[in-house]
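Report on one structure; see the data block that follows.
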Number of protein chains: 2
Amino acid sequence: MTPPASCARPLTDKLAQLVALTLDEIAVLEDLQSTTRIVRRNREILTEGKKYDALFVLIEGVSIRYRILHDGRRQITNISLPGDFIGFPSNFFEGALYSVSALVDSVVSPVPFAKLFGVFGSHPRLAAAIFWSFACEAAMYAEHLIDVGRRSALERVAHFLLELLTRLKNIGLADDRSFRMPLTQELIADALGLSVPHVNRTLRQLRDDQLVSIERNMVIVMNVEELAALADFKKSYLGQFRMPGLVVDN
Amino acid sequence: MTPPASCARPLTDKLAQLVALTLDEIAVLEDLQSTTRIVRRNREILTEGKKYDALFVLIEGVSIRYRILHDGRRQITNISLPGDFIGFPSNFFEGALYSVSALVDSVVSPVPFAKLFGVFGSHPRLAAAIFWSFACEAAMYAEHLIDVGRRSALERVAHFLLELLTRLKNIGLADDRSFRMPLTQELIADALGLSVPHVNRTLRQLRDDQLVSIERNMVIVMNVEELAALADFKKSYLGQFRMPGLVVDN
DNA sequence: CGTCGCTTTGATCATGATCAAGGGATGTGG
DNA sequence: CCACATCCCTTGATCATGATCAAAGCGACG
């Protein structure tokens, strides 16, 4: 059902959408991700406090980054989809700052820091493109923060659904208005700083208002416009990137 | 009272704490910040939606990054102190994602993307160090997100005070337990996703509990240990960095 | 057919928002 | 030197969003 991992190159595809990559650059990029590892559903990919000498690229699957507070409350800071880097910025610290778990059986590829920084030195265009994906990740953090800090439960859930739809669409895992929700309501709650019952009620309200339709795992956004207006959602932070420094000759 | 801007080199100082910089590297770093601009209190340094070809370094002063929602609610995502980059990741997008305002008269220095990426190509150690400061910024976002998503008002305010204390200490603007609070309670409220009266009451409670003392603008953390325990605060995300890729020869 | 994981619903509770009004400081013009 | 205005802090009363607690429904799967 799932294609062999070696066939999927989500990171390359993602960066290629940004910049037309040369064959050489593609080769370098593929070399970065040459070794892969399978991580089973519900196993940790990264563990808080451990030392790492690499970032990871998520080749296939879905993972969450989170922190668990002393009394068990959990905040999911971030959801990773195929093509995303895992471990930025966490792994750059003495002792990873967060744990990352696979939500489904996943394939990851470690990218040693040394290799990564090597590419930064030798392939400036690639460097800029990779840099972009970090910027994009940071932008999602900021947007997530606004969500949790100042939006109502309804707006939060709406924004969350639209962000997920947009991101899944970008990597070909959603069509224009529908996708399979990879998270349980408990996970959504922990991502949005809400309780499970309230997420459930909020989803119900969105359904009652004819804004979305949810059946089993399938989410259909019935009215993207209106939902976006409700959530104050602008997808610019997920896409339009400037590549100003691309023509760098030093 | 304040030293002339040309004397302050907070970014260089910050990075020098990380890696012993060569004279050449220091020169390159200073060259990056060679032009400066003064921004008056309450003026915007960056405006949401505008295009920029540069990041900025905050040389002196304090600034906030924020988004205002359609109905006027404001979320401050981030507070910048001297030595911090302003405009990551926002300025890498077509149309800056957020506005940034100076809270006091400030000095900033534009760093054109082209120059920045040039350094990335030519000075890998510097690149890694600058990269670190982006990672640190991203880590603060994540920590802020946990704050707002899953901590109570009391924990949030406590965590906020400790983060500020630690950051100010790192740049020599605070002693071991006290500092001048650069934000009004309204700004604290907008940073933490709370209302002004509740921030006020929460600060009062921290005072009543003998954890902090606040007089005018001066904040004294009376009991760092206990406050850190209350807030679940670990300062590792503000300091300990690995420089694994520092010895890169390509 | 029973268990497990997830969703759904209801009833009650509490944290923190909102609304409303003062209370200092500090600064400015008369 | 005083009047007044502005900005921020403080406090109180009420309200509401969303948490918590509890229990039932409902597939899927072994």
Side-chain angles (χ1 to χ4, degrees), chain A residues 40-42 62 64 69 71-76 101-105 147-161 180-208 212-219 230-231, chain B residues 41-42 62 64 69 71-76 101 103-105 147-161 180-208 212-219 230-231:
Chain A
R40 293 286 166 207
R41 179 180 141 86
N42 290 334
V62 183
I64 52 167
L69 300 182
D71 64 347
R73 283 171 293 178
R74 174 173 66 175
Q75 176 67 41
I76 294 174
S101 279
L103 289 187
V104 298
D105 291 352
D147 236 33
V148 167
R150 282 299 186 213
R151 285 195 249 249
S152 71
L154 198 68
E155 295 167 321
R156 261 182 244 191
V157 172
H159 192 273
F160 173 81
L161 292 177
R180 312 198 91 237
M181 168 60 69
L183 309 193
T184 65
Q185 293 184 6
E186 184 181 7
L187 290 162
I188 298 175
D190 282 344
L192 299 183
L194 299 169
S195 65
V196 175
H198 204 63
V199 167
N200 188 284
R201 280 186 262 264
T202 305
L203 286 171
R204 154 157 306 281
Q205 187 179 339
L206 289 175
R207 260 183 297 173
D208 290 349
V212 304
S213 140
I214 303 175
E215 225 159 283
R216 316 248 331 90
N217 282 334
M218 281 305 293
V219 176
L230 167 64
Chain B
R41 180 178 138 87
N42 291 334
V62 183
I64 52 167
L69 300 182
D71 65 346
R73 282 171 293 178
R74 174 174 66 175
Q75 176 67 42
I76 294 174
S101 281
L103 288 188
V104 298
D105 292 351
D147 236 34
V148 168
R150 282 299 186 211
R151 284 194 248 248
S152 71
L154 198 68
E155 294 167 322
R156 262 182 243 191
V157 172
H159 193 273
F160 173 80
L161 292 176
R180 309 198 94 238
M181 167 61 67
L183 309 192
T184 65
Q185 293 185 5
E186 184 180 8
L187 290 162
I188 298 175
D190 283 344
L192 299 182
L194 298 168
S195 65
V196 176
H198 204 65
V199 166
N200 188 285
R201 279 186 264 264
T202 306
L203 286 171
R204 155 158 306 281
Q205 188 179 341
L206 289 174
R207 260 183 298 174
D208 290 349
V212 305
S213 141
I214 301 174
E215 225 160 283
R216 315 252 324 94
N217 282 333
M218 281 306 293
V219 176
L230 166 64

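Quick note on labels: first sequence line is chain A, next is B, and so on, each numbered from 1. Everything quoted here is computed from the prediction, not taken from an experiment.
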Sugar-phosphate, base or nothing in reach of A:Arg150, heavy atoms under 4.0 Å: nothing
With A:Glu155 via side chain to side chain donor-acceptor pair (under 3.5 Å) - residues at least two apart: A:Ser152, B:Arg73
Global bending angle along the helix from C:dC1-D:dG30 to C:dA21-D:dT10, which compares the axes of five pairs at either end, to 10 degrees: 40°
Spatial distance of atom CD1 (B:Ile76) from atom CG (B:Leu183) [nearest 0.5 Å]: 6.5 Å
Every protein N/O within reach of nucleotides 18-27 of chain C N/O, cut-off under 3.5 Å:
from, atom 1, to, atom 2, distance (Å)
C:dT18, O4, B:Arg201, NH2, 3.2
C:dT26, OP1, B:Arg216, NH2, 3.1

Among C:dG16, D:dT10, D:dG18, the one nearest B:Leu194 by side-chain distance: C:dG16
Length of the line joining A:Leu192:CG and D:dA19:P, which is rounded to integer Å: 10 Å
Greater than 12 external heavy atoms within 6.0 Å of B:Arg207's CZ: yes
Short side-chain N/O contact from A:Arg204 to OP1 or OP2 of C:dG10, under 4.0 Å: no
side-chain N/O B:Asn200 vs D:dT10 OP1/OP2, d < 4.0 Å: yes
Value in whole Å for how far the P atom of C:dC6 lies from CG of A:Leu203: 16 Å
Given C:dA17, C:dC6, C:dT7, the nucleotide with the shortest approach to the side chain of A:Arg41: C:dC6
